[in-house]
Amino acid sequence: MKPSVLVTGGAGYIGSHACKALDAAGYTPVAYDSLVFGHRWAVQWGPLVVGDLADTALIRKTIRDHNIGACIHFAAFTYVGESVTDPRKYFRNNVVNTLGLMDSLVEAGVKRMVFSSTCATYGDPEYMPLDETHRQHPVNPYGESKLMVERMLHWYGRAYGLGWTALRYFNASGADPEGRIGEEHDPETHLIPLVLQTALGERSHIGIFGTDYPTADGTAVRDYIHVDDLADAHVLALRHLERGGESQAFNLGTGTGHSVRAVIEAAERVTGQTVPVQLAPRREGDPAVLVAEPKRAREVLGWQPKHTDLDGIVATAWNWHQLMAEFRRLPFGKAVA
Ligand code: UDP
């Protein structure tokens, strides 16, 4: 029988790609998702349990019913701006409800947890590229909530023998190259989907948030990592724990940065469209450059991103956004999406 893995947030963007990767690696992914932000259509590689992260009774039942041996925990609120104006929502869901999940796992004897963390736990960078030993000093409640869980994992590991990895994502991007799943957020705040929706004519322009950064072209630089590469890292992190590997954090990025303007130019090449831009002030809390040092994930997990070309990453996203645009034009498309 295939081992079952509980995937909270399994109907979300990164979670659904992780389910696909788990299935390919011989696991049964059991998606647990409230469907508040997740999509039923994104769950294609295993069963779906519809439930809230706060519902520990249902989490415990799911662990029993599906003979869960490990958990990959994605379910969380992820809007940085909202976390500043409504921090309690973030601490309640991302921290308190995660504590309930961790207790349920420990009580059921589940000893492995792969946690979806973020480079936002570092805060304002002191040097570049960022390695895992960089000081963690988040500058918003979202990053703080993720760091708090990392600390909880550390102490649960020591006290209760919970093996864990915290995967600190840089900028998740792209979509399933076969067009089965992809990014669909409401509201959408991320650069690549917004640029592509502009290319589709669904938005009039893309705002460039800041043109006076100390970078080559004045716009902010980020490390865009393909969602399938992120998904593969989760499987490798799980195998690492199965081997009895040390509980630790890993940066997941390519190690190469691209500016906002470079992303827009890539989108223009891929789509063949001109993308109208509007210059805007910096977005509060956005550092000039965020690029990963991914050496630890390479050396310890054997992880190597396959999608290293920005145009290639944007092309998978473009394929997906075109499909979604077509779907939204269908009579019931909007309601289902
Ligand atoms: N950005 C932008 N215009 C937008 C959205 C984002 O210029 O409409 C910039 C943002 O300031 C950042 C980069 O694009 O420098 C990536 O932003 P995103 O929200 O995709 O990811 P983040 O790095 O904030 O997690």
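Each ligand, and each atom within it, is numbered from 1 in the order the structure gives. Only this structure's heavy atoms are used, side chains among them; waters, hydrogens and symmetry mates stay out. Counting begins at 1 with the first residue of the sequence. Please read all numbers here as calculations on a predicted model, not as lab measurements.
- Of the protein's non-hydrogen atoms, Tyr224 OH, 3.5 Å is the one closest to atom 16 (C) of ligand 1.
- Side-chain contact between Asp223 and Thr256 is absent, with no heavy atoms from C-beta onward closer than 4.5 Å.
- The option with the heavy atom closest to atom 24 (O) of ligand 1, from among Arg283, Glu284, Arg261, Arg222, is Arg283.
- Backbone and side-chain nitrogen or oxygen atoms of Leu194 are examined, and none is located within less than 3.5 angstrom of a nitrogen or oxygen of ligand 1.
- Heavy-atom contacts of Gly207 reach the following atoms of ligand 1: 2 (C), 3 (N), 4 (C), 7 (O), 8 (O) (cutoff under 4.0 Å).
- Under the 6.0 Å distance and 45° angle rule, Arg135 does not count as a cation-pi partner of Tyr122.
- Near Val260, meaning under 4.0 Å from any of its heavy atoms, are these atoms of ligand 1: 7 (O), 9 (C), 14 (O).
- Numbered from 1 in the order shown, with element, the atoms of ligand 1 that lie under 4.0 Å from a heavy atom of Ile206 read 8 (O).
- Set against the non-hydrogen atoms of Ile208, the atoms of ligand 1 under 4.0 Å away are 7 (O).
- Taking a cut-off of under 4.0 Å to the non-hydrogen atoms of Asn171, the atoms of ligand 1 that pass are 16 (C), 21 (O), 22 (P), 23 (O), 25 (O).
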Stepwise side chain to side chain contact (heavy atoms under 4.5 Å, CB included) test for Trp164 and Arg112: CA-CA 6 Å; Trp164 58 271; Arg112 293 176 201 119; over 6 Å; no
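- For atom 4 (C) of ligand 1, the nearest non-hydrogen atom of the protein is Phe209 CE1, 3.3 Å.
- Considering Ile264, Thr78, Leu191, Thr118 only, the shortest heavy-atom separation from atom 14 (O) of ligand 1 involves Leu191.
- Of all heavy-atom pairs spanning Ile59 and Leu53, the tightest one is CD1-O, 3.4 Å.
- The closest side-chain heavy-atom distance from Arg168 to Glu150 is below 4.5 Å.
- Where the criterion is an N or O separation shorter than 3.5 Å, residue side chain and backbone included, Asp286 meets it with respect to ligand 1.
- When each atom of ligand 1 is checked for a heavy atom of His190 under 4.0 Å away, the hits are 18 (P), 19 (O), 20 (O), 21 (O).
- The shortest distance between side-chain heavy atoms of Thr215 and Val289 falls below 4.5 Å.
- Counting only heavy atoms from C-beta outward, the side chains of His73 and Met113 approach each other to under 4.5 Å.
- For atom 15 (O) of ligand 1, the closest heavy atom belonging to the protein is Ala220 CB, 3.2 Å.
- Close approach to Thr189 involves these atoms of ligand 1, each under 4.0 Å from a residue heavy atom: 5 (C), 19 (O).
- Proximity of Val314 to Val195: side-chain heavy atoms (C-beta onward) are nowhere separated by under 4.5 Å.
- At least one side-chain heavy atom of Lys146 sits less than 4.5 Å from a side-chain heavy atom of Phe115.
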